[in-house]
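Count residues from 1 along the sequence.
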Amino acid sequence: MEWQRLKTDQYINLEKTLYSGQIFSFQRTGDNESTGIVEGFLVTFKQEKDVIYYKIFNYKENVNYETVFWKFFTLDLNYKKIFKEWNDKISKCRTETNSENEQNYDLYGLSPFKENGLRLLRCDLKDTIFSFICSSNNNIKRITKMVLVLFSLGEYITTINGKNFYHFPNPEELSDKEQFLRDNGFGYRASYIAKTARLMTTMKYDQLYNRNYHWAFERLNRYSGISYKVADCVCLLGLHFHDVVPIDIHIFRTAKRIFSIKEDRLSKRSYLNMQRRFQEFFGDYSGLAQLVLFEESVKAHKSRK
């Protein structure tokens with residue numbers, strides 16, 4: 001397949017988006033080029049200034065790839081409009097007196113939301129579940145390494161510039177791989193992955209589709225190695241509940257500051273309280289706000305080192 005231009009007037013920054021900790025299967029395969037799996041298709045994205053091109057390696061007829069990638073990059077969401085609504089609300093809260101500002105927001109340290117090319121992704125559910133089991137007490141670089149090991153257990157597709165690409169394995173192919181995963185540096189996560197893979201023979205992950213958030217969240221927490229935060233990451237990215245806010249240490253600190261929450265540690269109660277405050281302020285796209293604020297917090301943390 002030849003290069004095709006992705007038709008959109010919304011800005012996508014591939015580097016920011018594909019390596020932001022939402023998805024871990026993409027690898028750099030050339031100048032401004034990244035290759036990975038989206039909905040079972042091996043695709044290379046290429047960025048030239050503000051334009052995104054794509055090339056499919058396991059091309060199939062009668063597939064509308066524009067629709068596939070619009071969904072993946074959430075191009076159906078108007079970020080400019082969403083950000084303007086949030087910025088207007090922030091300005092309004094700042095001008096209110098303390099008595100009028102019933103929610104007691106402290107938004108003076110909150111920068112205006114601006115489009116910088118970072119997109120909220122809609123990822124494949126199965127990959128997302130196992131990827132975020134790997135995320136426990138981990139960083140993006142190590143998670144990516146682990147996820148690529150998991151992919152290597154699936155069906156081989158092709159090699160591009162010395163890098164091998166595979167379909168993600170079925171749960172049955174992971175259920176007996178605990179020792180293999182331990183040998184490859186997964187530590188205690190190896191047990192979680194193997195146990196969850198075995199559980200999926202009876203608690204099939206595709207049952208999570210077309211359910212409400214609370215049902216899906218409760219069912220995800222029955223799998224091994226899935227915490228509140230991991231379940232919410234799966235709900236946001238794999239099940240596409242855009243109002244869900246996973247709370248990690250970066251968002252914990254941010255929520256304490258902007259919502260004037262006095263908590264010293266992240267407990268079940270404080271987790272739910274912070275998530276509720278995010279949703280009350282940012283509404284239906286609170287998960288997008290979380291993504292933007294997470295990136296800002298990580299960047300600020302690195303600059304202080």
Side-chain angles (χ1 to χ4, degrees), residues 1-80 114-128 130-132 135 140-141 143-152 154-168 233 236-238 240 242 287-288 291-292 294-295 298-299:
M1 179 184 182
E2 298 299 319
W3 289 105
Q4 302 291 319
R5 178 173 178 163
L6 183 60
K7 299 180 180 67
T8 179
D9 59 359
Q10 296 204 62
Y11 178 43
I12 303 170
N13 183 308
L14 286 182
E15 186 72 18
K16 279 182 178 291
T17 300
L18 297 179
Y19 303 101
S20 60
Q22 301 182 77
I23 192 169
F24 305 96
S25 57
F26 273 82
Q27 301 182 71
R28 296 174 180 85
T29 49
D31 292 339
N32 300 317
E33 295 181 15
S34 291
T35 303
I37 299 286
V38 178
E39 292 195 13
F41 299 105
L42 181 64
V43 56
T44 295
F45 292 114
K46 176 172 67 173
Q47 180 140 21
E48 293 183 358
K49 296 184 178 179
D50 292 350
V51 180
I52 304 298
Y53 297 90
Y54 64 88
K55 181 191 292 186
I56 309 294
F57 288 86
N58 50 344
Y59 179 81
K60 291 182 180 179
E61 298 287 347
N62 303 318
V63 175
N64 187 331
Y65 289 104
E66 287 284 317
T67 300
V68 171
F69 300 136
W70 264 64
K71 176 184 174 184
F72 178 62
F73 287 115
T74 58
L75 293 171
D76 54 308
L77 303 184
N78 187 332
Y79 283 26
K80 186 173 293 185
K114 297 178 181 178
E115 289 185 273
N116 64 0
L118 176 64
R119 305 293 302 188
L120 178 66
L121 296 177
R122 295 188 182 107
C123 305
D124 297 342
L125 177 57
K126 177 179 59 175
D127 312 15
T128 302
F130 287 103
S131 295
F132 278 92
S135 73
I140 292 175
K141 184 176 180 179
I143 299 166
T144 301
K145 183 179 178 180
M146 290 179 179
V147 170
L148 293 179
V149 170
L150 294 179
F151 267 91
S152 73
E155 179 187 354
Y156 172 76
I157 303 174
T158 192
T159 300
I160 302 172
N161 293 340
K163 295 179 179 178
N164 296 331
F165 291 90
Y166 306 83
H167 289 290
F168 197 85
C233 287
L236 173 63
L237 301 169
H240 318 146
H242 297 145
L288 172 59
L291 175 66
V292 174
F294 173 82
E295 184 207 29
V298 170
K299 189 185 300 182

* Would you say the side-chain atoms of Gln22 and Ser20 include a donor-acceptor pair closer than 3.5 Å? ->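 Yes, Ser20 and Gln22 have a side-chain donor paired with an acceptor closer than 3.5 Å.
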* **Heavy atoms from other residues, nucleotides or ligands near CG of Asp31 exceed 12 (cutoff 6.0 Å)** =>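 12 or below, so no.
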* **Other residues, nucleotides, ligands: >12 heavy atoms within 6.0 Å of Lys163 NZ** =>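 Yes - once you tally the heavy atoms of other residues, nucleotides and ligands closer than 6.0 Å, there are more than 12.
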* Where do Tyr65 and Tyr59 land on the side chain to side chain contact (heavy atoms under 4.5 Å, CB included) test, with the steps shown first? -> CA-CA 10 Å; Tyr65 289 104; Tyr59 179 81; 3.4 Å; yes
Do [X] and [Y] touch side chain to side chain, with heavy atoms closer than 4.5 Å?
X      : Y      : answer
Tyr79  : Leu288 : yes
Leu291 : Arg119 : no
Leu14  : Ser34  : no
Ile37  : Ile157 : yes
Val38  : Phe26  : yes
Leu236 : Leu120 : yes
Thr44  : Trp3   : yes
Leu75  : Leu6   : yes

Where do [X] and [Y] come nearest, in terms of heavy atoms and distance?
X      : Y     : value
Asn13  : Lys16 : OD1-N, 2.9 Å
Phe151 : Ser25 : CE1-CB, 3.4 Å
Gln47  : Lys49 : NE2-O, 2.9 Å

N/O donor-acceptor pair under 3.5 Å between [X] side chain and [Y] backbone:
X      : Y      : answer
Asp124 : Lys126 : no
Glu48  : Tyr53  : no
Glu155 : His167 : no
Asp127 : Val147 : no
Thr74  : Arg122 : no
Glu2   : Gln4   : no

* To do: If the plane angle is over 60° it's perpendicular, under 30° parallel, otherwise tilted; pick one for Phe132 and Phe24.
  =>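 The arrangement is perpendicular - the two ring planes meet at more than 60°.
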* **Qualifying residue for side chain to side chain donor-acceptor pair (under 3.5 Å) with Thr35, from Asn161, Thr158, Thr29** =>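 With Thr35 as partner, side chain to side chain donor-acceptor pair (under 3.5 Å) holds for just one option, Thr29.
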[X] side, atom [atom1]; [Y] side, atom [atom2] - distance, nearest 0.5 Å:
X      : Y      : atom1 : atom2 : answer
Lys71  : His240 : NZ    : NE2   : 5.5 Å
Asn58  : Phe41  : CG    : CZ    : 6.5 Å
Phe72  : Thr17  : CZ    : OG1   : 8.5 Å
Phe165 : Ser152 : CZ    : OG    : 13.0 Å
Ile143 : Ile23  : CD1   : CD1   : 13.0 Å
Ile160 : Gln27  : CD1   : CD    : 9.0 Å

* Asked: Should Glu33 and Lys55 count as an ion pair when the cut-off is N to O under 4.0 Å?
  ->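 No.
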* Name all residues meeting the salt bridge (charged side-chain N to carboxylate O under 4.0 Å, His left out) criterion together with Arg5; count only those two or more places apart in sequence or in a different chain, and write none if there are none. =>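 Arg5 satisfies salt bridge (charged side-chain N to carboxylate O under 4.0 Å, His left out) with no other residue.
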* **Any residue meeting salt bridge (charged side-chain N to carboxylate O under 4.0 Å, His left out) with Glu15, in chain and number order, not counting sequence neighbours** =>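 Residues passing salt bridge (charged side-chain N to carboxylate O under 4.0 Å, His left out) with Glu15: Arg28.
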* To do: Would you sort out whether Tyr19 and Thr144 count as a side chain to side chain contact (heavy atoms under 4.5 Å, CB included), showing the intermediate values?
  => CA-CA 9 Å; Tyr19 303 101; Thr144 301; over 6 Å; no
* To do: Verify whether the ring centers belonging to Phe73 and Phe45 lie closer than 6.0 Å.
  =>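 Phe73 vs Phe45: aromatic centres under 6.0 Å.
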